[in-house]
Amino acid sequence: YDDLALSTKPIGPVRTPLNPVIFTGAFRDTDKGDTLKRWEVEVAATTQKPLICLKKLDGVEFRAKSAEFERVIVWRGRADGKSKSIIVDTNHGRFLGPLKGKTHLEPNQLYTCRIRHQDSSGKWSKWSPWHAAFATVWARGTPKDKRLPPKGFYLGQAARDIKR
């Protein structure tokens with residue numbers, strides 16, 4: 001099977017509420033018999049940079065450099081090891097940077113997350129790579145014909161042409 005999706009409309013990431021719930025998997029260092037003391041997550045507003053073509057065939061781009069992203073951390077939260085989820089809100093963390101003082105993420109924006117764990121000795125793991133891209137819902141009342149892909153989600157020229 002190929003990783004191929006055909007559409008006449010742009011396809012984007014999963015949509016979440018403005019205060020999404022983030023889940024973590026089980027943690028256990030089996031070599032040490034250690035358990036999770038707490039974990040921390042960061043959420044970043046993410047913007048995909050335009051793709052850079054590496055190869056063309058008959059004028060058609062068919063190979064590109066791996067996608068690159070710019071990120072601005074907008075929320076950081078921490079949970080104890082017994083909790084397997086955390087809500088992105090002011091009760092479980094704090095909004096930073098452009099969202100400082102806010103109570104939720106921005107509508108129709110692309111975000112990514114990263115996580116780290118603290119073991120029972122107090123040692124923090126390295127941050128995971130940025131992953132788990134998601135987009136927040138559109139602003140309340142946005143008509144269906146005005147529901148554009150999220151800010152930060154790169155639309156290639158072909159997709160922009162389809163929208164017109």
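Values in this document were obtained by computation on a predicted structure and should not be read as measured data.
Residues H104 and T136 bring no donor and acceptor atom of their side chains to less than 3.5 Å of each other. Side chains of R147 and N108: a donor-acceptor N/O pair is absent below 3.5 angstrom, by distance only.
Taking the side chain as every heavy atom from C-beta outward, R76 and E40 approach each other to under 4.5 Å. By the 4.5 Å heavy-atom criterion applied to side chains, F134 and C113 are counted as neighbours. Counting only heavy atoms from C-beta outward, the side chains of I22 and V43 approach each other to under 4.5 Å. Residues P107 and V137 have side chains not in contact (no heavy-atom distance under 4.5 Å, counting atoms from C-beta outward). In this structure, V41 and F23 have side chains that are not in contact, with every pair of non-hydrogen atoms separated by 4.5 Å or more. Side-chain atoms of W75 and K102, non-hydrogen and from C-beta on, never get closer than 4.5 Å to each other.
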Requested in this report: Take K126 and R116, measure what side-chain contact (heavy atoms from CB on, under 4.5 Å) needs, and give me the verdict at the end.
Outcome: CA-CA 6 Å; K126 292 181 181 178; R116 66 181 181 163; over 6 Å; no
Requested in this report: Tell me, with the steps shown, if F95 and K100 meet side-chain contact (heavy atoms from CB on, under 4.5 Å).
Outcome: CA-CA 5 Å; F95 288 89; K100 187 175 182 176; 5.7 Å; no
Report task. Evaluate the criterion side-chain contact (heavy atoms from CB on, under 4.5 Å) for residue pair W39 and I115; output intermediate values, then yes/no. Result -> CA-CA 7 Å; W39 57 284; I115 191 170; 3.2 Å; yes
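Listed for the D89 side chain is no donor-acceptor partner under 3.5 Å among the backbone atoms of P20. Of the possible donor and acceptor atoms, none in the side chain of D80 sits under 3.5 Å from a partner among the backbone N and O of R38. Judged by distance alone, with hydrogens and angles left aside, the side-chain atoms of T46 form a donor-acceptor pair with the main-chain N or O of T112 at under 3.5 Å. Side chain of S83 to main chain of G81: no donor-acceptor pair is present (N/O by atom type, distance under 3.5 Å, no hydrogens or angles). Q109 places a side-chain N or O within donor-acceptor distance of the main-chain N or O of K151, the cut-off being under 3.5 Å.
V14 and V21 fall into different hydrophobic clusters, defined by Ile, Leu, Val, Met, Phe, Trp and Tyr side-chain heavy atoms under 4.5 Å apart, directly or through other members.
Nearest approach of V74 to L99, heavy atoms of both residues: CB-CD1, 3.6 Å. Among all heavy-atom pairs drawn from T142 and K146, the shortest one is CG2-O, 3.7 Å. The minimum heavy-atom distance between W130 and I73, with the atom names listed, is CH2-CG1, 3.9 Å. When all heavy atoms of G152 and L110 are compared, the pair lying nearest together is O-CD2, 3.5 Å.
With E42 as the fixed residue, the salt bridge (Lys or Arg N to Asp or Glu O under 4.0 Å) test singles out one of R78, R71, R114: R114.
To the nearest 0.5 angstrom, H92 atom NE2 is 6.5 Å from I86 atom CD1. Summarising the geometry, atom OG1 belonging to T16 is positioned 6.5 Å from atom CG belonging to L105; distances are rounded to the nearest 0.5 Å. From Q48, atom CD reaches atom CZ of F69 across 4.5 Å, with rounding to the nearest 0.5 Å. Taken to the nearest 0.5 Å, the NZ atom of K123 stands 14.5 Å off from the NE2 atom of H117.
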